[in-house]
2 protein chains.
Amino acid sequence: MSAKPTTIKEIAKILNISPSSVSRGLHDHPSIGAVTREKIKQLAQSLNYQPNNAAILFQKGKTYTIGVILPELSEHFFSTAISAIEDEALKKNYTVIFAQSHDDYEQEVKLVEKMKNQRVDGLLVSISKDTSKFDHFERLNSFNIPVVFFDRIPPFKNVHYVACSIENATVKAVNYLLKKGHRTIGMINGPTTLFASEERKEGYMQAITFNRLKFDPSLIVNCDLTEKGTIEAANQFINHKRKPTAIVTFNDYVALFLIKYLKKANVVNEFDVVSFANLPFISYLDHTPIASIEQYPYLQGQKAANILLDLINSPNPESQAYYNTLVESDLVINSEKL
Amino acid sequence: MSAKPTTIKEIAKILNISPSSVSRGLHDHPSIGAVTREKIKQLAQSLNYQPNNAAILFQKGKTYTIGVILPELSEHFFSTAISAIEDEALKKNYTVIFAQSHDDYEQEVKLVEKMKNQRVDGLLVSISKDTSKFDHFERLNSFNIPVVFFDRIPPFKNVHYVACSIENATVKAVNYLLKKGHRTIGMINGPTTLFASEERKEGYMQAITFNRLKFDPSLIVNCDLTEKGTIEAANQFINHKRKPTAIVTFNDYVALFLIKYLKKANVVNEFDVVSFANLPFISYLDHTPIASIEQYPYLQGQKAANILLDLINSPNPESQAYYNTLVESDLVINSEKL
DNA sequence: CGAAATTAATCAAACGTTTGCGTAGTTTTT
DNA sequence: AAAAACTACGCAAACGTTTGATTAATTTCG
């Protein structure tokens, strides 16, 4: 019943030559004559020979596999990035294995360890929300396993990373609102622990001060990104002595919570909302953010994968400078509203 | 710089015993004395020994890897299912490799071949839209690689599959509309080539005839699931001599296209819409389908993965009956509208 | 006390492929 | 015609681990 796959040895035996010659023949090694080579290839073909990957991986000490660790596979951003990573890896004949940390630091540590044991050739990581120590990644250095971070990256430069400049994006968002005439702009930011929150704050301040406006810290409200937290933040704005006329939100979900609440409070028309992520459904909404920052997950995934594959195949990974790639983000104006 | 991982041989040499003893010691083989066993384990621990997976896989001829082939990683349904598959596999210490067919038959065939070469222990597949031949899967039989289909399954029973009964779901949807008093119900169905379209039609007819209503075939319109196609279908209903008061759509996207168009045509209040998928954003919309069929992608992924792992580890896969698992679907009433 | 059983370990082969080195046999060079 | 070079292939080791067969030493039992 169970057909055993053909091996090089069998081909060798049939052709009365050595396995090494078969191997070389199949790889077009110059030391195999054209006649023999063709005989080998033809027989291999007709026996439907398929190299035993496990054996090759083992022999070469390379797995042609890259690991991807990220918080949540089912989030739109990540699933899109994954799609790109998969596509790029396939082109270069690499296999991808995924694992999700579910935003848990302990789990992330375990997964890194597991990936190492799987002997992945390299790792692509988007770190979990509560990761603040990075020695589990540093340990990979001694095994020559390169790591490229993407999107959720550690807050320092001496690693390889691909990310979107949240700061620049925030500047764009705020500038857009300023250009539309808004002078009091609120921001619902994420928890202060997140680097991304820091960046948003920086961008906000940069845009405000560049335009010679006074920065009012009370217009930035930190929020846990839940619906409840968003409502609390919304109330702060509604009751603010300098009530803002526009609000920048941490992401599209927060924007949705916000708009839902603003509608309920019957003040939805008093605010323009700009948000991050540009999720596909945004354009289907009735009351939408007037714009959303597109962070190009596919592109980010693509770049990250290519950098990693470069690192894997670079002869001297030690001497490499760090790839610090910023993907530009774009403010997508919701044309329905124009 | 590059630390070579510790091997069994090295441990053996240090302890002056044979590699086989080390291997057995680490695996609690009874023929290794307790004292030696502990010595082995301690040394392994302190040298941070990690078994070389590639070597084990090669030696065992098993990869502890399952392959997953599906149309599009970034679709919500699939990314959720994947999330489940990953979680289940991890529990049983299996690794998962993914690949996307992008709904292309040729690509699917290639991927199946690639997975076979990767020597996956089993395969989880959601077939591409234009797959109508299945010999690329049948070829796996002779290699003892079990296949479990999920969600998008072939139209016959002699395979393992997990899916949602679209037919039952459609019955539920139509019954719900009938209970709400609708007597003329339209359906925007998918292309006739899709098995899922067939099932929806069956369900529709079953509900209609069970309630002793006359079945009017012109109330089912096939559609290519694009926005353009949806608009054409919508127009057919709007201009229908028996204009329906409710419409069942193939999925949430079609529902969105439909509602968008109905709004533009100023007739959105003349129709109740019920749809499939229950995408998370549905509840954020202003004009939503009044209900959507939840197909529990996480559950489906979970079940499919477990069945596959069962098959992989069953001693006699040949004698197995076929798993034909139907996951119940639920009609989720959009409470915002009630 | 000798045979049988148990314990604790070793030996060697095997998994499939790759690759450095060696070696016939042939051709080219001087 | 001898030396050098090239062609086409074979040999054997190596990668790390597992496992069936074997052996040596110890214990148990009648």
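Each chain gets a letter, A, B and so on, in the order its sequence line appears, and its residues count up from 1. In what follows, every heavy atom counts, from backbone to side chain, and hydrogens, waters and symmetry copies are set aside. Please read all numbers here as calculations on a predicted model, not as lab measurements.
Taking 3.5 Å as the limit, the base of D:dC11 and the side chain of A:Ser20 contain a donor-acceptor pair of atoms between them. Side-chain to base pairing of B:Arg24 with C:dT10: one donor and one acceptor N or O lie within less than 3.5 Å of each other.
For B:Asn52, counting side-chain heavy atoms from C-beta on, the closest listed nucleotide (D:dT17, D:dT18, C:dA9) is D:dT17. Which of D:dG16, D:dC9, C:dT18 sits closest to the side chain of A:Ile8 comes down to C:dT18. Among C:dT19, D:dA8, C:dA8, the nucleotide with an atom closest to any side-chain atom of B:Ser31 is C:dA8. In this structure, of D:dC9, C:dC11, D:dT18, it is D:dC9 that holds the atom nearest to the side chain of A:Ile32.
Between A:Phe134 and A:Phe156, the ring-plane angle classifies as perpendicular under the 30° and 60° cut-offs. The aromatic rings of A:Phe137 and A:Phe149 sit perpendicular, their planes meeting at an angle over 60°, well past the 30° parallel limit. In this pair, A:Phe98 and B:Phe98 present their aromatic rings tilted. The plane angle is within the 30 to 60° band.
The nearest whole Å value for the distance from the NZ atom in B:Lys62 to the P atom in D:dT17 is 19 Å. Whole-Å rounding puts the A:Lys9 NZ to C:dC15 C1' distance at 7 Å. The CD1 atom of A:Ile11 sits 11 Å away from the P atom of C:dT18 (whole-angstrom rounding). One atom, OH of A:Tyr64, and another, C1' of C:dT17, lie 12 Å apart when rounded to the nearest Å. At whole-Å resolution of the value, OH in B:Tyr49 and C1' in D:dT18 are 10 Å apart. Distance B:Gln59 CD to D:dG20 C1': 12 Å, rounded to the nearest Å. A:Asp28 has its CG atom 13 Å from the P atom of C:dT18, to the nearest Å. A:Ile40 places its CD1 atom 8 Å from the P atom of D:dC9, with the value rounded to the nearest Å.
The side chain of A:Ser23 contributes no N or O atom lying less than 4.0 Å from OP1 or OP2 of C:dG16.
Residue B:Thr7 is in sugar-phosphate contact alone, with no base atom involved, counting any heavy-atom pair closer than 4.0 Å across all strands shown. Within 4.0 Å of A:Gly61, counting heavy atoms only, lies no atom of the nucleic acid at all. At a threshold of 4.0 angstrom between heavy atoms, the contacts of A:Asn53 with the nucleic acid are absent.
Comment: B:Lys13 does not engage B:Glu10 in a salt bridge, judged by the lack of any side-chain N to carboxylate O separation of less than 4.0 angstrom.
Contact check for A:Arg152 versus A:Asp103: side-chain heavy atoms found under the 4.5 Å cut-off. With a 4.5 Å cut-off on side-chain heavy atoms, A:Ser128 and A:Asp104 do not count as touching.
Between the side-chain ring of A:Phe58 and the base of D:dC15, a stacking contact exists by the 5.5 Å and 30° definition.
For the pair B:Ser21 and B:Ala55, nearest-nucleotide mapping onto DNA chain D gives the more 5' position to B:Ala55. Where B:Arg119 and B:Ala34 each meet DNA chain C at their nearest nucleotide, the meeting point lying more 5' is that of B:Ala34.
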